[in-house]
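Scope of the values below: all heavy atoms of this structure, side chains included, with no hydrogens, waters or symmetry mates. Here, residue 1 is the first one in the sequence, and each next residue gets the next number.
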Amino acid sequence: VVSHLHHKIFVIDKVLLGILAGLVSVTAGAPYYYPPAAAVIGLVGFFAYYLVEMLLYKLEIDDPVSAFPVHGVCGFWGLVSAGLFQVP
């Protein structure tokens, strides 16, 4: 939906990378989250991916497979969220 709003068409690679970004974000603490918390973490991970992707495009930094936004940024968010949302 966000790629459709931004590009006026559905860009399949952005959709798939957004799904992957959400999954990478949740992976660090997956056994310790309640399902609603996991959904929030994945959604925040998606928006973090999309914002960093647009920032790299604006700064003209070449990352053809979006490895840094998906695995770097969302992996870091996953580590931070594991400490924030973990159930004791």
Side-chain angles (χ1 to χ4, degrees):
V1 173
V2 174
S3 70
H4 180 65
L5 292 174
H6 187 261
H7 299 288
K8 305 295 185 226
I9 59 171
F10 282 107
V11 182
I12 191 67
D13 64 334
K14 301 294 183 210
V15 173
L16 294 176
L17 286 171
I19 293 169
L20 182 61
L23 292 172
V24 167
S25 299
V26 173
T27 302
Y32 308 108
Y33 299 143
Y34 287 128
V40 169
I41 292 166
L43 192 62
V44 171
F46 162 73
F47 283 113
Y49 149 74
Y50 203 75
L51 290 174
V52 171
E53 178 79 17
M54 294 297 111
L55 179 67
L56 290 178
Y57 180 76
K58 190 123 348 244
L59 295 175
E60 298 181 359
I61 297 174
D62 187 30
D63 189 5
V65 295
S66 300
F68 176 71
V70 172
H71 296 285
V73 173
C74 293
F76 180 74
W77 164 241
L79 291 174
V80 170
S81 66
L84 293 176
F85 292 95
Q86 188 174 27
V87 178

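In the hydrophobic cluster analysis, where Ile, Leu, Val, Met, Phe, Trp and Tyr join through side-chain heavy atoms closer than 4.5 angstrom, V26 is grouped together with V80. Note: the hydrophobic cluster containing V44 does not contain L79 (ILVMFWY, side chain heavy atoms under 4.5 Å, direct or indirect links). By the rule that hydrophobic residues join a cluster once side-chain heavy atoms approach within less than 4.5 Å of another member, I61 and V52 end up as members of one cluster. By the rule that hydrophobic residues join a cluster once side-chain heavy atoms approach within less than 4.5 Å of another member, Y50 and L17 end up as members of one cluster.
Annotation: the span from L51 atom CG to L56 atom CG amounts to 11.0 Å, rounded to 0.5 Å.
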Under 3.5 Å, sequence neighbours excluded: what are the donor-acceptor pairs made by side chains of residues 29-38?
from: Y33; atom 1: OH; to: S81; atom 2: OG; distance (Å): 3.3
from: Y33; atom 1: OH; to: A82; atom 2: N; distance (Å): 3.3

Which pairs of donor and acceptor atoms, one on a side chain in residues 66-78, lie under 3.5 Å apart (sequence neighbours left out)?
from: S66; atom 1: OG; to: E53; atom 2: OE1; distance (Å): 2.8
from: S66; atom 1: OG; to: E53; atom 2: OE2; distance (Å): 3.3
from: W77; atom 1: NE1; to: I41; atom 2: O; distance (Å): 3.1

**Message:** Assess the residue pair V24 and L20 against the criterion (side-chain contact (heavy atoms from CB on, under 4.5 Å)); give the C-alpha distance rounded to whole Å, side-chain angles, the decisive distance to 0.1 Å, and a yes or no.
**Reply:** CA-CA 6 Å; V24 167; L20 182 61; 4.2 Å; yes

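Taking every heavy atom of both residues into account, Y49 and A21 meet most closely at CB-CB, 3.6 Å.
Taking 4.5 Å as the limit, some side-chain heavy atom of P64 sits within range of a side-chain heavy atom of D62.
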